[in-house]
Amino acid sequence: MSFALIDGNNFYVSCERVFNPKLEDRPMVVLSNNDGCVVARSAEVKALGVIMGEPWFKLKSLARKHHILAYSSNYTLYADMSNRMMAVLSTYSPQQEIYSIDECFLGLDGFDHFDLMAYGQRMRQQVKQWVGLPVCVGFGSTKTLAKLSNHCAKKFLAGQDGVCDLGQLSLMQLDTLLSRINVGEVWGVGRRLTDKLAERGITTVRDLQHADARMIRESFSVTLERTVRELRGVSCLELEELAPAKKQIVSSRAFGAYVYTLTGLEEAVSLYMARAAEKLRRQHSVAGAVQVFIRTNPFKDDHPQYQSGITIPVASPTSDTRRLTHSALLGLKHIFKTGYAYQKAGVMLMELRDSGHEQATLFKEPVPDRPKLMDVIDRANVQWGQGTLKLASEGVEKIWHMKRGNLSPHYTTSWQDLPRVN
DNA sequence: CTATAACTCTCAA
DNA sequence: CTAACGTTGAGAGTTATAG
């Protein structure tokens, strides 16, 4: 068994460029919610030294100097583009694992005598032509190696034209290549681990590949030991074709403007719970407990700080927005303290299980579930847009709404957003 | 004491 | 003019708590 890992290049940036070709070759970024941080960078911006996650306001002067364009994130567009890309790639193997919005693994069982380099080129070419997005392809005998291979393809380290197959290198070539890649590029090795590994003299991928497995398990973790094995070509991570149901569902957001009142927080929590409950119903689960949390802005150290959260069990597991919201608002009242500038709130659905065979309750619920009502609400919001039907507790003013200063049109999902051609 | 729950840390996109 | 810093999910490891 071997794997392919296909990854979109600067995915969000590339999505914007598909519909606005003037952005090609321009230094540009896409920002996180509230136009807060840089979450995607074009090659031109990377060359200027802009790092991932940098707060946008800190880049303002650099941006002026180099005419960096910044787009608010348009997740509706990116999700739709992702679906198109995944659909094309799914035709290249009977086994696909969609790992994130911009990357997927393919299982290559029985592709032993394929010309993988040519196969990868076909994927690239077809995704570019049919969807408009540039991608890179990496092949390897384990998922970790396929990931690393993709990294090489992107950096033109051992690949040609955005495709790389580490399996085609001789042992000597591979050894040399791995000794030139920093250990931090390995899947699962973040900044913290990079530092800890460096203390033990492990700085390159090659170092990690040859590290003593028992030492790694004892000094680090079983996870890293698995990574070492995978680097040696021993497959420890399987392809997960169907995503398992989530064990928890979170909906949280920073506000566009500080919120000071309980009413304001109640509106936000109601909205977040509506989104979370939609996700819950989509995977046909019910929740046994609800967590709600609020906090002030931790970056403002001259402001009084407060953060709190509370978990409220629901009387019986449910996916009914009204009952879940009721519990969340109960919790919110409990933790709310007046006199603070709140910057973020969120809800979490916990103790999830399959709906359908719910435990019969001993006592009658004060508020009974209304599954048909929930179904009508979900359908209406899909058909006519989010927020078409909602609970009154969400309110209407929403002065705390996200900041999205430079949002591109929903080119692929809204007729209204299509530019007029005259 | 052990078993579990709750919480913290790390990583990923 | 100033102030302006993401979201979601998982897993492992550690600490607190119940019995």
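Letters go in sequence order (proteins before strands), and every chain restarts at 1.
- Between A:E238 and A:K143 there is no salt bridge, since no side-chain N of the basic residue sits under 4.0 Å from a carboxylate O of the acidic one.
- The partner of C:dA12, taking Watson-Crick or G-U wobble pairs whose two distances both stay under 3.5 Å, is B:dT8.
- Comparing C:dA10, C:dC5, C:dA12 by their nearest atom to the side chain of A:R226 picks out C:dA12.
- Contacts of A:Q291 with the nucleic acid, taken as non-hydrogen atoms under 4.0 Å apart, are absent.
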Audit row: A:D175, A:R206, salt bridge (Lys or Arg N to Asp or Glu O under 4.0 Å) steps and yes/no: CA-CA 7 Å; A:D175 201 61; A:R206 184 185 180 279; 2.8 Å; yes
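- Side-chain rings of A:Y71 and A:Y12 stay apart, their centers remaining 6.0 Å or farther from each other.
- Remark on DNA chain C: of its neighbouring residues A:C37 and A:V250, the 5'-side contact belongs to A:C37, judged by nearest-heavy-atom nucleotide.
- Using a 4.0 Å heavy-atom distance criterion, A:K247 is classed as a sugar-phosphate-only contact.
- If you check B:dA12, C:dA10, C:dA12 against the side chain of A:K246, the one that comes closest is C:dA10.
- Summary of the strand contacts: A:F57 and A:S252 both lie near DNA chain C, and taking for each the nucleotide with the nearest heavy atom, the more 5' one is attributed to A:F57.
- Taking 4.0 angstrom as the limit, A:K147 places a side-chain polar atom (N or O) nearer than this to OP1 or OP2 of B:dA13.
- Of the listed nucleotides (C:dG9, B:dA13, C:dG6), B:dA13 has the atom at the smallest distance from the side chain of A:S100.
- Taking every side-chain heavy atom of A:R253 into account, C:dT7 is the closest of C:dG9, C:dT7, C:dA12.
- Closest to the A:R192 side chain, of the nucleotides B:dT10, C:dC5, C:dG13, is B:dT10.
- Ion pairing between a basic and an acidic side chain is recognised when a charged N comes within 4.0 Å of a carboxylate O; A:D369 and A:R323 show such pairing.
- Counting non-hydrogen atoms under 4.0 angstrom, A:E103 reaches the backbone sugars and phosphates but no base.
- Base pairing of C:dT2 is not made with any nucleotide, judged by Watson-Crick or G-U wobble geometry with both donor-acceptor distances under 3.5 Å.
- The nearest whole Å value for the distance from the CG atom in A:L224 to the C1' atom in C:dA10 is 17 Å.
- Within 4.0 Å of A:T311, counting heavy atoms only, lies no atom of the nucleic acid at all.
- The pair A:E199-A:K196 does not count as a salt bridge, with every side-chain nitrogen at least 4.0 angstrom from each carboxylate oxygen.
- Side chain of A:Y258, nearest nucleotide from C:dT8, C:dA4, B:dA13: C:dA4.
- Within 4.0 Å (heavy atoms only), A:F11 reaches no atom of the nucleic acid at all.
- Checking C:dC5, C:dG13, C:dA10 against every side-chain atom of A:S221, the shortest atom distance belongs to C:dG13.
- Distances were taken from every side-chain heavy atom of A:L193 (C-beta onward) to each of C:dC5, C:dG6, B:dT10; the shortest belongs to B:dT10.
- A:V38 comes within contact range of no nucleotide atom at all, as no heavy-atom separation falls under 4.0 Å.
- For NE2 of A:H151, the number of neighbouring non-hydrogen atoms (other residues, nucleotides, ligands) closer than 6.0 Å is greater than 12.
- Of the listed nucleotides (C:dG6, B:dA12, C:dA10), B:dA12 has the atom at the smallest distance from the side chain of A:W187.
- Nucleotide C:dT17: paired with B:dA3 (Watson-Crick or G-U wobble, both distances less than 3.5 Å).
- Of the candidates C:dA4, C:dC5, C:dG6, the closest approach to any side-chain atom of A:K300 belongs to C:dA4.
- Across all strands, A:L31 comes closer than 4.0 Å to no nucleic acid atom at all (heavy-atom distances).
- The NZ atom of A:K58 sits 10 Å away from the P atom of C:dC5 (whole-angstrom rounding).
- A:L59 places its CG atom 18 Å from the P atom of C:dA3, with the value rounded to the nearest Å.
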